[in-house]
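Step one of this worksheet: look at the structure below.
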Protein chains: 2
Amino acid sequence: MSTPAGEKLIAAASTLFYRHGIRAVGVDLIAETAGTTKKTLYDRFGSKDALVALYLERRTGIWREFLHEHLHGRPVEDLFDVLALWLREQDRGCAFVNAYAEIGGTGHPAEPVIRAEKEWMRAFLVDRAREQGHPESTGVALHLLYEGATVLATAGGDPDAPARAKASALAVLYPPADEQGERGQQHQHDHSLAER
Amino acid sequence: MSTPAGEKLIAAASTLFYRHGIRAVGVDLIAETAGTTKKTLYDRFGSKDALVALYLERRTGIWREFLHEHLHGRPVEDLFDVLALWLREQDRGCAFVNAYAEIGGTGHPAEPVIRAEKEWMRAFLVDRAREQGHPESTGVALHLLYEGATVLATAGGDPDAPARAKASALAVLYPPADEQGERGQQHQHDHSLAER
DNA sequence: AAGTAACCATACCGGTCGGTATACTCGCAG
DNA sequence: CTGCGAGTATACCGACCGGTATGGTTACTT
C-alpha cells in the first residue's frame, strides 16, 4: 500500500496506461486525472518508469485473483472461458505484452515484471495440468494457446479466439482415440464454464 | 514503389519503428536517419500515421516472402522452425502486435493492416493443414500456437518457445494412438527443418 | 523555353514531454 | 510547540512533438 494520494495516482495511471499505452500518457495527465499534482507523483514514485513498473506489478495481482476466483474447482481447460470473461472488460489485451511492445529491450525497470508474469502463468498451467494427470508438455501447450488466444482476440480482432483455443486445448488434453488424420473437434466433453 | 527519397524514408522508418516503437520515434529522427528532410516526408506520405500504415504493409510482404521461401516443400509443422529463424533477427517480436499495443482502438489507419495480417496467417495455416488432410480446427490450432510462441519468445523471454510450440503442434497433428492421459511428446517424427 | 516533380535547407508554430523548484498548508507525534 | 511527512498550487526548464511555410536547386518533359 501507499499513501492516499499515491493510491489515486496508481489507479489513474493504471487506467490510462492500459487504455492508451505508456508513452501516450504523460505525467501531467496522470496527476490531473488523479486529482493531485506532479510534485506528489515524483515525491511518491521518483520517476514515470517506476510508476510503470508498479502499474504492472499491481496488474499481476488483479489477474491472479480473477483467475483463482473463476477457475477454482474447475478443470484447467476452463481457463479459456475465464480468459473470455476477462477480455470482455479488458479489451486492450495483455497489458504485459503491450508494455513490452513499448519498452522491450531498453533496460526498463518493468521488464523483469513482464517476464515474471509470463513465467508464473507457465508454471501455473503446468501445475494445474499435472494435477489432472498430464505431463509438463501439456501445460506448456496450454500456455501457448492462452497467449495465442489473447493476441488473436485483440490485435487479430477475433472475439471467438478463446473459444477456438479451448477447442484446441481439448484436443491436446483428451486426444482422439483413433489412429490418424482426417477429423477435428469431434468430442465436446462439455466441461464448459457456466455463465456467471 | 515510391521515389528514391521516399524509399529511404520507408526504410529508415521501418527500422526505427520496429526497434523502438512508433510513438518513441519522431518524424525529425526518421528524416534525419533517411538522410532527407521532413518536408520530403510530408510531401510523399502526408502524415506520420500514413507512414506507419505503409511500414506495416511492407512488413507483411517481407514476412510472407520469408515464409514461402523457407517453408516451401516442407510439412506445415516446420512453420515453427521458420519462426525461430525469423525471430533470431527480428528480436522485438511481432511488429503487428507491437503496433496494435500502441495504436489499437484509436481508429488509426494501420489498424485494418494489422487485422488483415492476422487473418491472412490464419487462412494460410488452415489451407496448409488442409493440404495435409487436417480439418480447419487444426489450422486454427497451429495459428494459436504460432502467435503464442512469438509472444513467449519475446515478451516472455523464452527463446525455446518456437520449439515448444512445434512439439505441441506435432501432438495436435499426429495425436498419440492410445486412449488417454499420462504421456507427452513421445513421438518425434523428425520433420525438423535443416539448419541452413 | 516553360513547366513541373523531386528534392534539400532552414526556420517556425503551439503544444507536450519528463522532471525540478519554490512556497505554502495541514495534521500529527515528539 | 516544534518538527516533519503529506499534501496542494504554480511556475519553470530544455527538449522534443507532429506539422507547416518559404525558398531555392536540380533534372527531365513538353
What is the distance, to the nearest angstrom, from the [atom1] atom on [X] to the [atom2] atom on [N]?
X: B:F45; N: C:dA6; atom1: CZ; atom2: C1'; result: 13 Å
X: A:I22; N: C:dT16; atom1: CD1; atom2: C1'; result: 18 Å
X: A:D28; N: D:dT10; atom1: CG; atom2: C1'; result: 12 Å
X: A:L29; N: D:dC17; atom1: CG; atom2: C1'; result: 16 Å
X: B:R23; N: D:dC17; atom1: CZ; atom2: P; result: 13 Å
X: B:E32; N: D:dG18; atom1: CD; atom2: P; result: 14 Å
X: A:L41; N: D:dA6; atom1: CG; atom2: P; result: 15 Å
X: B:Y42; N: C:dA6; atom1: OH; atom2: C1'; result: 19 Å

Inset, instruction - Find which nucleotide of DNA chain C each of B:K8 and A:G26 is nearest to by heavy atoms, and output the residue with the more 5' nucleotide. - result: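 Of the two residues, B:K8 wins.
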Inset, instruction - First locate atom CD1 of B:I22, then atom OH of B:Y100, and finally report the distance between them rounded to the nearest 0.5 Å. - result: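 Between B:I22 CD1 and B:Y100 OH, I get 13.0 Å after rounding to 0.5 Å.
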Which of the following nucleotides, [options], is nearest to the side chain of [X]?
X: B:D43; options: C:dG18, D:dG18, C:dC7; answer: C:dC7
X: A:T36; options: C:dC7, D:dT8, D:dG18; answer: D:dT8
X: B:K39; options: C:dC8, C:dA6, D:dT8; answer: C:dC8
X: A:A5; options: D:dG7, C:dG18, C:dA9; answer: D:dG7
X: B:K48; options: D:dG18, C:dG18, D:dT10; answer: D:dG18

Legend entry - A:Q90 backbone acceptor or donor facing A:Y18 side chain under 3.5 Å: yes
Inset, instruction - Indicate yes or no for a side-chain donor-acceptor contact from B:R23 to the backbone of A:R23 under 3.5 Å, with no hydrogens or angles considered. - result: no
Inset, instruction - Using salt bridge (charged side-chain N to carboxylate O under 4.0 Å, His left out) as the criterion, point out the one residue from B:E136, B:E117, B:E147 that pairs with B:R122. - result: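 In the set B:E136, B:E117, B:E147, the residue that makes a salt bridge (charged side-chain N to carboxylate O under 4.0 Å, His left out) with B:R122 is B:E136.
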Inset, instruction - Give A:G46 one of three labels, base, sugar-phosphate or nothing, depending on what nucleic acid heavy atoms sit under 4.0 Å from its own. - result: nothing
[N], OP1 or OP2 - any side-chain N/O from [X] closer than 4.0 Å?
X: A:T40; N: D:dT8; result: yes
X: A:T3; N: D:dG5; result: no
X: A:R44; N: D:dG5; result: no

Inset, instruction - Carefully, step by step, assess B:L41 and B:I30 under the rule side chain to side chain contact (heavy atoms under 4.5 Å, CB included). - result: CA-CA 9 Å; B:L41 189 157; B:I30 294 170; 4.0 Å; yes
